[in-house]
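Since the structure comes first, as structure tokens, the remarks are kept for the end.
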Amino acid sequence: MDLTTKYMGLSLSNPVVAGASPLSKELDKVKALAEAGAGAIVMHSIFEEQLAQEALALNYYIEQGAESFAESLSHFPPMEAYKVGPELYLENIAAARKAADVPIIASLNGVSLGGWIDYAGKIQQAGADALELNIYLIPTNRKVSGTKIEKAYLDIVKAVRAAVSIPLAVKLSPFFSAPVNMARKLKAAGADALVLFNRFYQPDIDVEKLEVAPRLVLSDSDESRLPMRWIAILFGRVRLSLAATSGVHTGEDAAKLILAGADAVQVVSALLRDGIGQLTKIRDDMAELLAAKGYRSIRKARGVMSQKNCPEPAVFERANYIETLQSYPQSPAAV
Ligand SMILES: Cc1cc2nc3c(=O)[nH]c(=O)nc-3n(C[C@H](O)[C@H](O)[C@H](O)COP(=O)(O)O)c2cc1C
């Protein structure tokens, strides 16, 4: 079966991509991901806060004596927490590019218009084949409307687009009022691809200690259904490449997302939980499943079950919600 796919203009040997994760912090793991057959590798993110912190520090040393330096940094995580600083990040891109014969996609993570956007140009110079822009925004300001939030996203994408000529993917949250409309606006702002969706890591409350603490839980296969729905809806409606992220653990998960319309599927939790070798299994099982259904290429299988092409387009909409609720069997325990 021909597994090749085009993702935002990049030619991938297959659609299974190693998503942004700590695995890309080590060169031997980058090599292992390429050897396991990753179609591309997304580097872990470099954060706006990290770049701002560097710039602040530099400013401090140049100007000597901004007393507020430590205070101004107090809302940032300590620099050591990032493990890889801005210079090392660029070196890691160049090293990954050299060591692995697959496209290397850098990841830049930010929420505001600021000096950090210039760093996108450095990422390009370092040799990244493409850039994934992760806009991880938690809107809490009561005075800021959804329209303003959308504009902020678009302004960031435009600014990054102006800074680089390499392909640009935007990793988005699922929380938009009108996702298809937003996707089209992101395309107009300069995005080449969407990565759906950013998985939000919810803080948890420790009742014993009365503390709010981060608690990272890896995904499971069911979580792939949120990107699956929206990829199926977006397929054929926007001229953007579509990558799925969240809940790809098996070849079947990957096959479903391709059938929904994904150009690429990103895998992280499965690799962290079961090892890098899981990537090969996902790729091979996906290929076997699609071949068994008579598809001779990813291109032929892609989007066959999208909303546009599937026999019952309503299953992706409200009708399906009502039907799903009605179909839940009454359990004897509940009566
Ligand atoms: C430990 C860990 C670190 C991650 N680091 C990043 C990151 O640096 N940048 C980013 O955009 N996503 C990051 N992610 C999110 C993943 O790229 C991915 O979108 C998410 O885990 C959902 O995919 P999965 O279900 O395959 O895990 C991270 C996820 C995990 C579990």
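Start at 1 with the first residue, then count along the sequence. In listed order, ligands and their atoms are each counted from 1. It should be emphasised that the depicted structure is a prediction, and the values quoted were computed from it without experimental measurement.
Looking at Y201 against ligand 1, only its side chain comes within 4.0 Å, counting heavy atoms. Contact annotation: for L272 versus ligand 1, heavy atoms closer than 4.0 Å belong to the side chain alone. When heavy-atom distances to ligand 1 are checked against a 4.0 Å cut-off, L216 comes that close only through its side chain, counted from C-beta outward. Counting heavy atoms closer than 4.0 Å to ligand 1, residue L218 contributes side-chain atoms (C-beta onward) but none from N, CA, C or O. The parts of V268 lying near ligand 1 are both backbone and side chain, judged by heavy-atom distances below 4.0 Å.
With 3.5 Å as the limit, one finds a donor-acceptor pair spanning the side chains of K6 and S11. Checked by atom type, the side-chain pair S107/N134 shows no donor-acceptor distance below 3.5 Å. There is a side-chain donor-acceptor pair under 3.5 Å between S219 and H249.
Using a 4.0 Å heavy-atom cutoff, Y136 is absent from the residues neighbouring ligand 1. Residue-ligand proximity: K171 is placed with a non-hydrogen atom under 4.0 Å from ligand 1.
Nearest protein heavy-atom neighbour of atom 27 (O) of ligand 1: S269 OG, 2.6 Å. Summary of contacts: the protein heavy atom closest to atom 11 (O) of ligand 1 is N134 ND2, 2.6 Å. Scanning the protein for heavy atoms near atom 17 (O) of ligand 1, the closest one is A20 O, 2.7 Å.
Each of the atoms 1 (C), 2 (C), 3 (C) of ligand 1 lies under 4.0 Å from some heavy atom of P22. Of all atoms in ligand 1, numbered sequentially from 1 with element shown, those under 4.0 Å from a heavy atom of H44 are 8 (O). Residue S219 has at least one heavy-atom neighbour below 4.0 Å for each of these atoms of ligand 1: 24 (P), 25 (O), 27 (O). The ligand atoms of ligand 1 that sit less than 4.0 angstrom from a heavy atom of G247 are 24 (P), 25 (O). Those atoms of ligand 1 that come under 4.0 Å of a heavy atom in T245, given as number and element, are 18 (C), 19 (O), 20 (C), 22 (C), 23 (O). If you number the atoms of ligand 1 from 1 as listed, the ones under 4.0 Å from a heavy atom of S45 come out as 7 (C), 8 (O), 9 (N), 10 (C), 11 (O).
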Run the side-chain donor-acceptor check on residues 27-37: report pairs under 3.5 Å with partners two or more places apart or on a different chain.
from: K29; atom 1: NZ; to: E26; atom 2: OE1; distance (Å): 3.0
from: K29; atom 1: NZ; to: E26; atom 2: OE2; distance (Å): 3.4

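Contact check for Y153 versus L137: side-chain heavy atoms found under the 4.5 Å cut-off.
Hydrophobic cluster membership of V42, counting Ile, Leu, Val, Met, Phe, Trp and Tyr whose side-chain heavy atoms lie under 4.5 Å apart directly or via other members: Y7, M8, L10, L12, V17, I105, V195.
When all heavy atoms of V304 and Y295 are compared, the pair lying nearest together is CG1-OH, 3.3 Å.
By the 30° and 60° cut-offs, the orientation of the rings of Y89 relative to Y119 is tilted.
Taking the six-membered ring for Trp, F197 and F175 have ring centres at least 6.0 Å apart.
A distance-only check finds a donor-acceptor pair linking the side chain of Q307 to the backbone of P313 [under 3.5 Å].
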